[in-house]
Amino acid sequence: MNEKELVEFIAKSLVDDASKVQVNMIESEKSTILELSVDEADIGKIIGKHGRIAKAIRTILSAVSNKSNKRVLLDIID
Amino acid sequence: MITREFSGKTEKEIIDNALDTLKLKEDQVVFDFENKGGIFSFGKKDLTAKVSFEDDLLFGNRCLMFVKELLEKMDIEAKIYLIEEDDEKIIIEIESPDSALIIGKQGKNLEAIQTIVNVALNRNSNIWTKVIIDIGNYRSRKEKMLKKTALTAAMQVRKSKESVLLDPMNPFERRIIHMTLKEEKNVETESEGEGLVKRVRVFYKE
């Protein structure tokens, strides 16, 4: 399971400037932190109204990370 | 190649409407305009255009491809079928040994997947085509249950003439409640609360 690729794929499908999508993975023993950064103009598209999209991305991430018993956290960098 | 017909008053209107409906860019389609301002048209007759594009670009096919890739990236084994396609909605059915994981608690994961799919595929268009993802008849079973809840509440309201407040629901669920009770006598519905998860109140109406 490659969480980094998953987040990259989702983020690129939502933004206008896919070339600015970057995911940085920081792994520790118990958790993985994914730092997602996108073009400034695209941040709203990743977060969505009331944070709806960000929440959906996090839900998908936690669904798949349950498989590996490791916590995966998504940080959206602005 | 797929060809569809569009009509409108002007070429621009046809182009805009076709691109919005098909959710494609101008360089992905070929327009073939007919009765192009003929002598007898007097500007009254609508123009028609045959619009052609590659099969893969059909919106339903793009939805399928996207869901397939998303599930692959989630490391989930699944078969995906296009069940229904028109300009208003696309229904996709997933078949998978991991269906419990795809659905999640109270449909949470399925809802999240559907949110991403809808936004990703509709974001460049002025026309929103709803993409509905079903798995193992989860949605149709849920829809049946919600309709039953709605009709039971309506019955209760008609009897007591007092309003009933339903459990918190997401927009998809609330829509089913509103639609089910639209044609029902003596009741009216309204959503209450803030944010995404609101509650529907069923009122008595003379």
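Residue numbers begin at 1 in each chain, while the letters A, B, ... track the order of the sequences.
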Portion of B/Gln114 that has a non-hydrogen atom of chain A nearer than 4.5 angstrom: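 For B/Gln114, no heavy atom lies under 4.5 Å from chain A.
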
Tell me every residue that passes salt bridge (charged side-chain N to carboxylate O under 4.0 Å, His left out) with B/Arg158, counting only those two or more places apart in sequence or in another chain. B/Glu184

For residues 52-59 of chain A against chain B, heavy atoms under 4.5 Å, the residues are A/Arg52, A/Ile53, A/Ala56, A/Ile57, A/Thr59

For chain B, find its close neighbours in residues 14-27 of chain A: heavy-atom separation under 4.5 Å, sorted by number, or none.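 Heavy-atom contacts from residues 14-27 of chain A to chain B are A/Leu14, A/Val15, A/Asp16.
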
For B/Arg141, give me all partners under side chain to side chain contact (heavy atoms under 4.5 Å, CB included), at least two apart in sequence or on another chain.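 Scan of B/Arg141 (side chain to side chain contact (heavy atoms under 4.5 Å, CB included), adjacent residues dropped) gives B/Asn137, B/Tyr138.
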
Euclidean distance, [Y] [atom2] relative to [X] [atom1], rounded to 0.5 Å:
X       : Y        : atom1 : atom2 : answer
A/Leu61 : B/Asn109 : CG    : CG    : 11.0 Å
A/Glu3  : B/Met74  : CD    : CE    : 11.0 Å
B/Lys73 : A/Glu8   : NZ    : CD    : 9.0 Å
A/Ile60 : B/Lys108 : CD1   : NZ    : 11.5 Å

Enclosure of [X] [atom1] (heavy-atom neighbours >12, cutoff 6.0 Å):
X        : atom1 : result
A/Lys45  : NZ    : yes
B/Lys148 : NZ    : no
B/Lys205 : NZ    : yes
B/Glu190 : CD    : no
A/Arg71  : CZ    : no

Under a 4.5 Å heavy-atom cutoff, which of B/Ile113, B/Leu70, B/Asp98 has the most pairs with chain A?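 So the answer, after comparing B/Ile113, B/Leu70, B/Asp98, is B/Leu70.
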
